[in-house]
Amino acid sequence: MTLGDGLNSAASFAIGFFVGMAAYLLSQLVFSVFWPVTVILVLGFGGLLLLDTILTKRANRVLPTGLQPQENPVFRPKPLIRRLSLPVGFAIGLCVGFLGLSQTILELP
């Protein structure tokens with residue numbers, strides 16, 4: 001494992017952690033009076049993701065990056081810690097949300 005793998009794992013863990021907490025808080029919003037806000041948020045972000053994907057594909061046709069893939073790329077599997085860091089972070093973020101600590105963590109300076 002290289003330094004880049006370790007940094008990537010830490011970043012993926014942090015992203016998974018905060019996405020897990022956000023998913024828990026969003027699930028709490030679904031079962032409250034504000035469920036239309038949840039629907040609007042999910043549809044809005046889904047629409048933005050779709051728009052970004054379409055615009056990126058269109059832009060690559062008009063302005064290609066010029067990078068070509070290698071003829072025979074060397075397959076190097078990712079280390080296990082790098083593959084598991086995002087789902088583990090997500091699961092821990094959900095657990096923190098279930099324990100009620102998400103508000104405390106989000107209010108830290």
Side-chain angles (χ1 to χ4, degrees):
M1 190 168 102
T2 64
L3 177 64
D5 289 334
L7 294 175
N8 193 334
S9 298
S12 294
F13 179 83
I15 290 170
F17 181 76
F18 286 113
V19 168
M21 283 195 314
Y24 174 75
L25 294 173
L26 194 61
S27 72
Q28 293 298 312
L29 197 62
V30 167
F31 299 115
S32 69
V33 180
F34 301 107
W35 66 267
V37 174
T38 306
V39 172
I40 291 170
L41 281 171
V42 170
L43 290 177
F45 282 116
L48 285 174
L49 181 65
L50 180 65
L51 182 66
D52 180 57
T53 304
I54 291 170
L55 289 177
T56 301
K57 287 183 180 181
R58 298 285 185 214
N60 283 339
R61 286 185 187 166
V62 176
L63 301 168
T65 58
L67 298 175
Q68 300 296 324
Q70 286 181 329
E71 293 294 324
N72 295 320
V74 177
F75 177 71
R76 193 184 97 201
K78 294 178 186 176
L80 184 63
I81 191 169
R82 186 170 167 192
R83 285 185 278 154
L84 293 179
S85 60
L86 185 69
V88 168
F90 184 81
I92 291 175
L94 279 177
C95 291
V96 165
F98 283 129
L99 293 175
L101 300 173
S102 59
Q103 196 65 30
T104 306
I105 290 174
L106 292 175
E107 289 177 355
L108 289 175

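Model, not experiment: these values are computed from the prediction.
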Inset, instruction - Can you measure from CZ (F13) to CD1 (I81) and round to the nearest 0.5 angstrom? - result: 10.0 Å
Inset, instruction - Kindly determine whether F98 and Y24 satisfy ring pair (Phe, Tyr, Trp, His ring centres under 6.0 Å), including the steps that lead there. - result: CA-CA 7 Å; F98 283 129; Y24 174 75; 4.9 Å; yes
Legend entry - Trace of the side-chain hydrogen bond (donor to acceptor under 3.5 Å, both in side chains) decision for S9 with D5: CA-CA 6 Å; S9 298; D5 289 334; over 6 Å; no
Inset, instruction - Establish whether V88 and L99 are linked, either directly or via other cluster members, by ILVMFWY side-chain heavy-atom contacts under 4.5 Å. - result: yes
Inset, instruction - Report the distance from atom CE of M21 to atom CD1 of I92, rounding to the nearest 0.5 Å. - result: 12.0 Å
Inset, instruction - Drop me the distance from L48's CG to L43's CG, to the nearest 0.5 angstrom. - result: 11.0 Å
Inset, instruction - Report whether F18 and L7 are members of the same hydrophobic cluster (ILVMFWY, side-chain heavy atoms less than 4.5 Å apart, transitive linking). - result: no
Legend entry - Backbone N/O of K78 and side chain of R83: donor-acceptor pair under 3.5 Å: yes
Inset, instruction - Look up atom OG1 in T53 and atom CZ in R58, then write down how far apart they are to the nearest 0.5 Å. - result: 12.0 Å
Inset, instruction - Could you tell me whether the side chain of L29 reaches within less than 4.5 Å of the side chain of L25, counting heavy atoms only? - result: no
Inset, instruction - Answer yes or no: is there a side-chain heavy-atom contact under 4.5 Å between I15 and F90? - result: no
Legend entry - Rounded distance [0.5 Å steps], CZ in R76 versus OG1 in T2: 6.0 Å
Legend entry - Note, L26 side chain near V42 side chain (heavy atom, < 4.5 Å): yes
Inset, instruction - Give the cluster check for V39 versus F45: same hydrophobic cluster or not, with ILVMFWY residues linked at side-chain heavy-atom distances below 4.5 Å. - result: no
Legend entry - Point-to-point distance, once rounded to the nearest 0.5 Å, from OG of S102 to CZ of F17: 8.5 Å
Legend entry - Linked, directly or transitively: L55 and L50 (ILVMFWY side chains, under 4.5 Å): no
Inset, instruction - For F34, check ring pair (Phe, Tyr, Trp, His ring centres under 6.0 Å) against everything at least two apart and list the hits. - result: none
Legend entry - N60 and T56: side chain donor to acceptor below 3.5 Å: no
